[in-house]
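We count residues from 1, following the sequence as given. All figures in this text were calculated on a predicted structure; none of them were measured in a lab.
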Amino acid sequence: MTEPLYSKDIDLAPIRQTRLAIVGYGNHGRSHALCLRDSGVEEIRIALRPGSPSRGKAEADGFAVVTLDEAAAWADAIALLAADEAHRQIWEQSIAPHRKPGQALILCHGFSIHYKLIDPPADCDVILAAAKGPGGAVRQEFEKGSGLIGFWAVEQDASGQARELALAYLAGIGSGNVGIFPTTFREETVSDLFGEQVVLVGGMVALARASFDRLVQAGVSPRMAYIDCVHEIKYLADLIQARGIAGMYEAISDTAEFGAREIEDEIAGPELQAVFDKAMAAIEDGSFAKKWVETYEAGDAMKADREHDHSLPVEAAGKELRSRIYGATK
Ligand SMILES: NC(=O)c1ccc[n+]([C@@H]2O[C@H](COP(=O)([O-])OP(=O)(O)OC[C@H]3O[C@@H](n4cnc5c(N)ncnc54)[C@H](OP(=O)(O)O)[C@@H]3O)[C@@H](O)[C@H]2O)c1
């Protein structure tokens, strides 16, 4: 196993000396901008699309907001922290026509480079600086003096200093407090997509919804079914994060552990393996990425699905429960 690097091993000068444009002021963009400024990066501008709802927030945080074209002409490095599916458009319409030669490109997910949505010229450092986790957590952990585990990779090293810039960037957003590891664009992309599709989002949602429906079909009240199949996911996830799967099994009741061990192998049977194989094939051959970017570029992606979600009984049960527990209206 590769040993991690920590802040004590890393010189922040490469990022402190950089004129940095951050494209996008969403979860990652905002957190990175605030953390890097606190880490001594003095020249940061936020690049937003016309009419961006994030402009007010960036300005209230004290940053200069510029257009994408202006950012491309000004910056020594562009941190492209906009939605991945928009990277091709942003690159082709704004960055490529206006960029300074030698300008580094920094990403926090490998998607658009691995799938060649962007084809940067050879004069350019192309760097992955991925703090693994949701963007909001980058700032929350930084404020506690901690950070998210960081992974770095270099696809192109035109300057000969790309590694140093990647490490300085990650240290600047707090990852040096917990550990920074090397990876590749391919590994980070494939792992991230597969994990979110089959476990963290797709797998979890499929299990939660189908098990809720099955309990209700068996005559259980929607409220009780929601608690047992959806609401309590968080408690188990917290246990796994704190103690691992083996530790979670030690922490729960023996009845729950025995029941889970009885059925675990069956759930992970041949049908599930076939689903995994299909998802992995589409990730590896690029067909998932192609389909997603084409769907995005056609407009209104997932609008109908999002509206349909709210009509499902599982959502009504969750809403009712949250209103009882927290007085929440959503
Ligand atoms: N390393 C990790 O573990 C990890 C985890 C999560 C995400 N990420 C990566 O972080 C990056 C940003 O994700 P996020 O979670 O911060 O997303 P987010 O909160 O949804 O923010 C996306 C930002 O992209 C901007 N944007 C979208 N379309 C655009 C366009 N056509 N032109 C210009 N700007 C556009 C949005 O602009 P407006 O403000 O104008 O709407 C918004 O500021 C992505 O590359 C994502 O894969 C990495």
Can a salt bridge be assigned to the pair Glu141 and Lys144 using a cut-off of 4.0 Å between side-chain N and carboxylate O? yes
Donor-acceptor contact present, side-chain Asp157 to main-chain Ala162, <3.5 Å: yes
Is there side-chain contact between His308 and Asp305, with heavy atoms separated by less than 4.5 Å? no
Mind listing the closest non-hydrogen atom pair of Ala129 and Cys108 along with its distance? O-CB, 3.3 Å
With clusters defined by side-chain heavy atoms of hydrophobic residues (ILVMFWY) lying less than 4.5 Å apart, directly or transitively, does Leu215 cluster with Phe212? no
Short question: side chain of Arg16, backbone of Ser39 - any donor-acceptor pair under 3.5 Å? yes
I'd like to know whether Lys234 forms a salt bridge (charged side-chain N to carboxylate O under 4.0 Å, His left out) with Asp238, so could you lay out the CA-CA distance, the side-chain angles of the two residues, the decisive distance to 0.1 Å, and finally the verdict. CA-CA 6 Å; Lys234 180 181 187 311; Asp238 285 348; 2.5 Å; yes
CD1 of Ile22 to CG of Leu48: how many Å apart, nearest 0.5 Å? 10.5 Å
Qualifying residue for side chain to side chain contact (heavy atoms under 4.5 Å, CB included) with His32, from Leu81, Val41, Leu20: Leu81
Measuring only between side-chain heavy atoms, which start at C-beta, is Leu236 closer than 4.5 Å to Met248? yes
Tell me whether Ile90 is reachable from Ile106 by hopping between hydrophobic residues (I, L, V, M, F, W, Y) whose side-chain heavy atoms are closer than 4.5 Å. no
Minimal heavy-atom distance between Trp91 and Ile118, with the atoms involved, is CD2-CG2, 3.5 Å
Between Glu43 and Trp74, does a side-chain contact (heavy atoms from CB on, under 4.5 Å) hold up when you go through it step by step? CA-CA 11 Å; Glu43 295 206 74; Trp74 169 81; 4.0 Å; yes
When you group the ILVMFWY residues by side-chain heavy-atom contacts below 4.5 Å and let the links chain together, are Phe181 and Leu128 in the same group? no
Taking atom CD1 of Ile325 as the centre, does the number of heavy atoms from other residues, nucleotides or ligands within less than 6.0 Å exceed 12? yes
Whether the side chain of Gln103 engages the backbone of Ile78 through a donor-acceptor N/O pair (distance < 3.5 Å, no angle test) should be reported. no
Test item: Asp9 side-chain N/O and Tyr6 main-chain N/O as donor-acceptor pair under 3.5 Å: yes
Non-hydrogen side-chain atoms of Val275 and Val198 separated by less than 4.5 Å: no
Ser175 (side chain) donor-acceptor with Leu148 (main chain) under 3.5 angstrom: yes
To the nearest 0.5 angstrom, please state how far the CG atom of Leu34 sits from the CZ atom of Phe142. 9.0 Å
Under a single-linkage definition using a 4.5 Å side-chain heavy-atom cutoff for Ile, Leu, Val, Met, Phe, Trp and Tyr, are Phe151 and Ile180 assigned to the same hydrophobic cluster? no
Considering all heavy atoms, the nearest Ile44-Arg37 contact: CD1-N, 3.7 Å
Rounded to the nearest 0.5 Å, what separates atom OH in Tyr25 from atom CZ in Arg49? 16.0 Å
Using 0.5 Å steps for rounding, measure from the CG atom of Leu80 to the CD1 atom of Ile127. 13.0 Å
Is a side-chain N or O of Glu70 found less than 3.5 angstrom from the main chain of Thr67, in a donor-acceptor match? yes
Side chains of His114 and Thr189: any donor to acceptor distance under 3.5 Å? no
Less than 4.0 angstrom from a charged side-chain N to a carboxylate O is my criterion; do Lys303 and Glu307 meet it? yes
Spacing of Cys35 atom SG and Leu170 atom CG [to the nearest 0.5 Å]: 11.5 Å
Using every non-hydrogen atom in the two residues, find where His109 and Leu193 come nearest and quote the distance to one decimal. NE2-CD2, 4.3 Å
Could you check whether Arg88 makes a cation-pi contact with Tyr296, meaning its NZ or CZ is under 6.0 Å from the centre of the six-membered ring and within 45° of the ring axis? no
Around Lys278, counting heavy atoms of other residues, nucleotides and ligands shown, do more than 12 lie under 6.0 Å from its NZ? no
Hydrophobic clusters here meaning ILVMFWY residues chained together by side-chain heavy-atom distances under 4.5 Å, can you tell me if Tyr169 and Ile46 are in one? yes
Counting C-beta onward and ignoring hydrogens, is there a side-chain heavy-atom pair between Leu107 and His87 closer than 4.5 Å? yes
Give me the ring orientation class for Tyr226 and His231: parallel if the planes are under 30° apart, tilted from 30 to 60°, perpendicular past 60°. tilted
Quick check: does any side chain N or O of Glu85 sit under 3.5 Å from a backbone N or O of Glu297, one acting as donor and the other as acceptor? no
Do we see a donor-acceptor contact under 3.5 Å between the side chains of Asp285 and Ser287? yes
Side chain proximity check, Arg99 to Leu105, heavy atoms < 4.5 angstrom: no
Ser31 side chain to Gly135 main-chain N or O, any donor-acceptor pair under 3.5 Å? yes
Within a reach of under 6.0 Å around NZ of Lys57, are more than 12 heavy atoms found that belong to other residues, nucleotides or ligands? no
With a cutoff of under 4.5 Å between side-chain heavy atoms, which Ile, Leu, Val, Met, Phe, Trp and Tyr residues group with Ile267? Ile263
Do the side chain of Asp123 and the main chain of Pro101 share a donor and acceptor less than 3.5 angstrom apart? no
For the residue pair Arg139 and Asp38, establish whether any side-chain heavy-atom pair is separated by less than 4.5 Å. yes
Backbone N/O of Ser146 and side chain of Asn177: donor-acceptor pair under 3.5 Å: yes
Basic-acidic side-chain contact under 4.0 Å: Arg209, Asp213: no
Taking the side chain as every heavy atom from C-beta outward, state whether Arg223 and Arg324 have any atom pair closer than 4.5 Å. yes
Quick one: does Pro182's side chain get under 4.5 Å of Trp152's, heavy atoms only? yes
